[in-house]
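Take a look at the structure set out below.
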Amino acid sequence: MFDVVSSRVNFPDLDAEVLEYWKEQEVFRRSYDERPDAPLFMMYEGPPTANGSPGIHHVLARVFKDVISRYRTMKGCRVIRKGGWDTHGLPVELQIEQELGLSSKREIEEFGIAEFNKRCRESVFRYVKDWEVMTDRIGYWVDMEDPYVTLENNYIETGWWILKQLWDRGLLYQDRRGAPHCPRCVSSLSSHEVALGYRENTPDPSTFVTFEATEWLGGSAPDVPSYFLAWTTTPWTLPGNTALAVSEDADYSIVETTNNAGGTIRMALATALLEVLQGDYTVTQEVKGSELVGLSYRPLYDASKYGTPIRQFIANDDGQTSLEDVDAYSTKVVSADFVSMDDGSGIVHIAPAFGDEDLGLGREHHLAFVQPVDLQGVITGNYPFAGKFVKDADPEILADLESRGLLYHQGVYRHTYPFCWRCDTPLLYYAKTSWYIRTTAVKDRLVGNNSRINWYPEHIREGRFGEWLRNNVDWAISRERYWGTPIPIWQCDECGGMDCLGGVEELSQRCGKNLEDLDLHRPYVDDVTWPCPSNACNGAFRRIPEVMDCWFDSGMMPLAQWHYPFENRDIETDGRLPADYICEAVDQTRGWFYSLHALSTLMQDDIAYRNVICLGLILDGRGRKMSKRLGNIVEPDSILDTHGADALRWYLFTASHPGEPRRFSDRLVQQTLRQVLLTLWNVYSFFTNYANIDEFEPSQIPADWRPEAELDRWVLAELNQLVQVVDGHLDNYNPTDAGRRIAEFIDTLSNWYVRRSRRRFWKSEADADKLGAYATLYRCLTTVARLMAPLAPFVSEQMYRNLELRFNPDAPDSVHLTDYPVADPSLIDDAIMDATRLAIRVSSMGRAARSKAGLKVRQPLASVVVRTRTPDEAQYLDWVSEQILEELNIKTLRADGIEQDLYAQAQSAAGDDGDSVVAIDGYSAALEAGYMVAVDANITSELADEGLARELAHRIQNLRKGARFEITDHIVTYYQGPGDVERVMTGHRDYIMQETLSEALLSEPPAEDARSETAKVEGMEVTLAVRRVE
RNA sequence: GGGCCUGUAGCUCAGGCGGUUAGAGCGCAGUCCUGAUAAGACUGAGGUCGUUGGUUCGAGUCCAUCCAGGCCCA
């Protein structure tokens, strides 16, 4: 006997039962422990930061990771999926800063780095429990008992080893760059972090400033005051100006105009941008940018007069440049290729201490370097506006220039500007030293290796990711912060000598102490020092203060999760490198996808992953991005508690293709549940109910059984084709189309196979046809359960256990330990699939024809005429006529040539209206795409009686149902009504008794204990009643 | 400003190489069917397939332009 399956199912309860079963049976562990020789399939878990509760977008990534892993397991692989936690980084620090009420680095240091980092460490695991519960609940199988954790010493040590390799190869270097800098956090931000904080329509001063020329075209000093007109949105950088840049090939104009005081002046600016001039002017000369190059001008603020040190880029012997102190500086016009002719004046103010392009230009032309702003964004020196925060200094600088007649024009410019995503402070571009990995050295390999990665969707490879790689710049890996992997570089505080350490043992040797038990984090690692080994030097080696970008942490997980090379050296060859599969959302293109790719190209010159699904964003029901700020984040819990995990998973898989953004709402999940899972469940419930009544058991199916009945052959053809298609889709990392195809099959199975086969299950005799029906439906259900197991692991497990495991103690304990179904091509028969599709279509049209003519299906009709489009189809029609006649409740299918005639009549009656139903010649005819189905609208009294008999049987059935009788209960039926009822009850006695399991039809008032109902039936008042026979 | 993606019914989505009258589900209105079904069937309303051009005998599909939205980057 099968377990009784109620059609009322509570999926969340079912989930809990299955989870319990998996736990008892240790199914997940066994899915890899019990197949030591199976080929490996590596899934890398992109580590989440557990410093917040998981949201629905985390569920999305996790179920996509899971579905492929489960599929590969069923295909016979041993799937390694080690969990991981990302535990370092600014987000963690920010949270603790807020909790402690700290607002600057100074306050953190006063509070104490040791205690601060201790709080960071604790906070990271605060939400781990939530994550574990969610992960379990959605059926994501990942090893959470032995995860990799980026804060562990072993993990950090692998990072040190990697940096040491790069150091030895000259790929790790320190450089001064213009980097986005947050003056509140006093730290550079990575490009990834900058991206989080762009804000549109930020107003900034649009400032046109004049720089007075000390030399003019022709060489001598000008006779009238002459200026270069430059534009900036950051007046606070003007004290740092040491050059002006023009575009060599562009046209520039010298114009004559009057200044505010009414005097005549000359100005140079780009011809293309003359429109920025305010009043009347005359163009006196046109020149190329190249002719302006080399001309000198007076700085707006001569640094030597305002107490700001002056340095200058000097060429070294090795072709590099260094900054050296100088007493004075000259300022001149240089050429640069980045000068825009779209806005400004075509002459760009250059301050090497700030922008990165400016810095580059400074190096190239050996410009002076003036830095009048400190890292907190405060103006230094003795400028009139010294001591102010840069943005507050802006108006004062403008006023000062105005008073000196050097401000040509000012307005407001709205543009997109980056703010610190943590604290909303506007970022400053600030030239300072950072550590870099020279990824540009392997740029060609980055691009080349990328071509070997299978991206889903494919366009990411050459599009977003390829574009990013082709524009690769060196990776800034240092952060002037506290909670992160410390950079293992020590420097002598006297002579500046440097050393990079590649492991704890190496460090122990260097300092002469056993550091095995040292916490490798700050501040402890900062206490490790040793005397400078250089003979002439009395200094000490101290660690540089920076920690690493946490993207480096996650990018090194392929090696660090195994503590390579200190342990597990065999990962080089045993298939654990590279990953077969990773999956994250598209925002990881420049995050984890890149850091994995960059590090494996640098370290192994190989790809880090073979296949990657890049998920689109998950949007709310109105199509907006989910964010804490908008408060539209959907909590997975409420969805899981109402609809269960499979419904949520199924929805996420099938709603749209992985790369597309997807809208999410409770309603859509519920729709999925009803349409797919509930439909399947009801087929399953139907099957088990009747199988139990008939005492059918799987062992009754002969080993060499083949389907004979048309319906069976058809549905098994569909099933085997489904297996082929679904297997292909999953093999191709496409759960979306796999799920959609399964859903289609479930719909067909329920609404045609079972619908048309019901009588075969009901009938009392146990013949070969009935066994065939059971064997067929059994096979469909068990196969579908396995097919959908990777997508909907809970319901498929439940079905598997009841349908298969229960009867076969030798079967694997879980559907997830079974083999994925393999199609039997010999059962795939295109002809029968086409024929049945025709039957479904004709039936649909027949229903339309009946409906239009008011002929309800319960009323039998004499005949139907069908016109098909091709002779092949006429053949098929013959084949499936029985299905059609039964479905439409019609006696005969006429195929005596009448169809052509009727079709012509119907067409002319329909006129221009292509698809329609028309009444012609006693028929009601439906037309559609060249087909016609015409039903005979004539109802003889004999047919009418038969219809009434069915109507009465139907009413009796409803009474049975209302009285909650078992399907197999026998009854006595009472009836009272006019002569028509009496006649039909007598004339169709056998039919009605058989349909309703009545032992007697009594024309008398019902017994007291009978369930009774009086109603109008086709205009007649009829009383019907049923009583169960014990 | 640059790159990538997306625009098909009120909503969510299908529409292999261009080819009869562009489809499904949900929702709405109505009718019907049902002893598996919280389901299902039928009818109806709802589409200038984002715009404008082009290629073609023929374009939702191919090309170009523009518009709108999204993501990423400046």
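The sequence lines fix the lettering, A, B, ..., with proteins before strands; numbering per chain opens at 1.
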Please list, pair by pair, any protein nitrogen or oxygen found under 3.5 Å from a nitrogen or oxygen in nucleotides 26-28 of chain B.
from	atom 1	to	atom 2	distance (Å)
B/C26	O2'	A/R667	NH1	3.2

A/R470 vs A/E467, salt bridge (Lys or Arg N to Asp or Glu O under 4.0 Å): CA-CA, chis, key distance, verdict: CA-CA 5 Å; A/R470 282 187 287 277; A/E467 206 54 41; 3.2 Å; yes
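Judged by Watson-Crick or G-U wobble contacts below 3.5 Å, the nucleotide B/C17 has no partner. Across all strands shown, the partner of B/C71 is B/G3, judged by Watson-Crick or G-U wobble contacts whose two distances both fall under 3.5 Å.
A/Y690 comes within 4.0 angstrom of the backbone, heavy atoms only, and of no base. Residue contacts shown for A/E660 are limited to sugar-phosphate atoms, with no base heavy atom under 4.0 Å away. Counting any heavy atom pair closer than 4.0 Å across all strands shown, A/V9 reaches a base atom. Residue A/N751 is in sugar-phosphate contact alone, with no base atom involved, counting any heavy-atom pair closer than 4.0 Å across all strands shown.
Between A/R758 and B/A36, a side-chain N or O to OP1/OP2 separation shorter than 4.0 Å is present. Phosphate contact (OP1/OP2 of B/C5, side-chain N/O of A/H657, threshold under 4.0 Å): absent. Using a 4.0 Å cut-off, some side-chain N or O of A/S844 falls inside it from OP1 or OP2 of B/C42. Look at A/Y684 and you won't find any side-chain N or O under 4.0 angstrom from OP1 or OP2 of B/A36. The side chain of A/R740 places an N or O atom within less than 4.0 Å of a non-bridging phosphate oxygen (OP1 or OP2) of B/A14.
Distance check, rounded to the nearest 0.5 Å: CD1 of A/I613 to CD of A/E584 gives 11.0 Å.
Using a 4.5 Å cut-off on side-chain heavy atoms (C-beta onward), A/F653 and A/R740 make no contact. Residues A/T589 and A/Y594 form no side-chain contact, since every pair of their non-hydrogen atoms from C-beta on lies 4.5 Å or further apart.
Distance check on atom P: B/G53 versus B/G15 gives 28 Å, rounded to whole Å. With C1' as the reference atom, B/C13 and B/G2 are 31 Å apart, rounded to whole Å. A distance of about 8 Å separates the P atoms of B/U61 and B/G50, rounded to the whole Å. A distance of about 47 Å separates the P atoms of B/U34 and B/G18, rounded to the whole Å. Of the C1' atoms belonging to B/U8 and B/A22, the separation is 8 Å, rounded to the nearest Å. With both ends at atom C1', the span from B/A59 to B/U52 equals 15 Å, rounded to whole Å. With both ends at atom P, the span from B/G19 to B/G58 equals 14 Å, rounded to whole Å. Atom name C1', nucleotides B/U12 and B/U65: the rounded distance is 31 Å, in whole Å.
Ring centers of A/Y651 and A/H643: at least 6.0 Å apart, outside the cut-off. With ring centers used as reference points, A/Y690 lies 6.0 Å or more from A/F696.
For A/R464 and B/C71, a side-chain-to-base donor-acceptor distance below 3.5 Å is present, hydrogens and geometry of angles not being considered. Residue side chain A/S750 reaches the base of B/A36 through a donor-acceptor N/O pair under 3.5 Å, judged by distance alone.
The interatomic distance linking A/I460 (CD1) with B/U6 (P) rounds to 10 Å, in whole Å. The interatomic distance linking A/N889 (CG) with B/C32 (P) rounds to 16 Å, in whole Å.
Mapping A/T996 and A/T679 onto RNA chain B via the closest heavy atom, the residue that lands nearer the 5' end is A/T996.
The backbone N or O of A/H970 sits nowhere less than 3.5 Å from a side-chain atom of A/E999 that would complete a donor-acceptor pair. Here the side chain of A/S685 pairs no donor or acceptor atom with the backbone of A/W681 at under 3.5 angstrom.
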